[in-house]
Amino acid sequence: MFRIKEKYKPAVPRKTLLAIAGLMWCGVGIMLTSMAYHWLKDYTGNPWFFAVPGFAAALVIHHFGFLKIVDKNLGRIARLPGKPCVFSFISWKSYLIIIIMVTLGITLRHSPIPKPYLSVIYLGIGLSLFLSSIRYFRNLLTN
């Protein structure tokens with residue numbers, strides 16, 4: 001049984017896991033930031049009223065939240081034995097958190113909350129994801 005499991009395991013080098021994690025964080029960050037940008041572009045008032053708090057939130061979320069998660073994930077990837085499974089670029093707990101965050105994002109997007117107000121949240125999380133993805137790429141290039 002174990003040999004069959006090992007034979008069909010989509011094993012990849014650790015560097016590939018770093019690249020996948022960096023691309024995922026970067027891609028989702030760009031997607032969320034792009035949504036916030038389009039909402040603010042269509043806003044008839046002063047978009048900076050919402051953009052500035054979004055930028056400030058991004059710096060705080062990046063520094064005090066996501067960098068700790070990235071460092072923890074980098075350490076976990078470094079400790080993985082042999083050639084790990086391609087899906088181990090994040091922990092199984094993170095998959096559960098992603099499901100909750102995606103569900104919350106869809107719920108917020110379809111809620112009656114005005115899009116300019118949502119842009120603060122989307123810009124904050126999106127830009128902080130993008131900034132945090134840089135650490136994956138830096139680690140990929142230096143190790």
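Residue numbers count from 1 along this sequence.
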Given side chains that start at C-beta, do those of [X] and [Y] come closer than 4.5 Å, heavy atoms only?
X      : Y      : value
Leu129 : Ile30  : no
Lys83  : Pro13  : yes
Tyr122 : Thr33  : no
Tyr136 : Asn73  : yes
Leu127 : Leu59  : no
Met35  : Arg109 : yes
Ile100 : Thr103 : no
Pro116 : Pro47  : no

About how many Å separate [atom2] of [Y] and [atom1] of [X], when rounded to the nearest 0.5 Å?
X      : Y      : atom1 : atom2 : value
Leu18  : Ile77  : CG    : CD1   : 5.0 Å
Arg135 : Asp71  : CZ    : CG    : 4.5 Å
Ile134 : Leu141 : CD1   : CG    : 11.5 Å
Met101 : Ile99  : CE    : CD1   : 12.5 Å
Ser119 : Lys41  : OG    : NZ    : 13.5 Å
Ile61  : Leu67  : CD1   : CG    : 12.0 Å

Looking only at non-hydrogen atoms, find the nearest pair between [X] and [Y] and report the distance.
X      : Y      : result
Leu17  : Cys85  : CD2-O, 3.5 Å
Arg14  : Ala78  : NE-O, 3.7 Å
Pro84  : Gly82  : CD-O, 3.2 Å
Ser128 : Phe66  : OG-CE1, 3.1 Å
Gly126 : Leu32  : CA-CB, 3.7 Å
Leu118 : Leu108 : CD1-O, 3.2 Å

What about [X] and [Y], same hydrophobic cluster or not, with Ile/Leu/Val/Met/Phe/Trp/Tyr joined at side-chain heavy-atom distances under 4.5 Å?
X      : Y      : result
Ile125 : Ile69  : yes
Ile20  : Ile98  : yes
Ile90  : Val86  : yes
Met24  : Val102 : yes
Leu74  : Ile97  : no

Considering residues, nucleotides and ligands other than [X], do more than 12 of their heavy atoms fall under 6.0 Å from its [atom1]?
X      : atom1 : value
Phe50  : CZ    : yes
Phe137 : CZ    : yes
Lys93  : NZ    : no
Lys15  : NZ    : yes

| Do Phe130 and Trp25 have ring centroids that are under 6.0 Å from one another? |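 Centroid separation for Trp25 and Phe130: 6.0 Å or greater.
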| request: Apply the test side chain to side chain contact (heavy atoms under 4.5 Å, CB included) to residues Tyr95 and Phe87: give CA-CA distance (whole Å), side-chain angles for both, the deciding distance (0.1 Å), then the verdict. | output: CA-CA 10 Å; Tyr95 280 107; Phe87 299 109; 3.6 Å; yes
| His110 side chain vs Ile106 backbone, donor-acceptor pair below 3.5 Å |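 Yes.
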| request: Apply the test side chain to side chain contact (heavy atoms under 4.5 Å, CB included) to residues Val70 and Asn139: give CA-CA distance (whole Å), side-chain angles for both, the deciding distance (0.1 Å), then the verdict. | output: CA-CA 11 Å; Val70 170; Asn139 196 281; over 6 Å; no
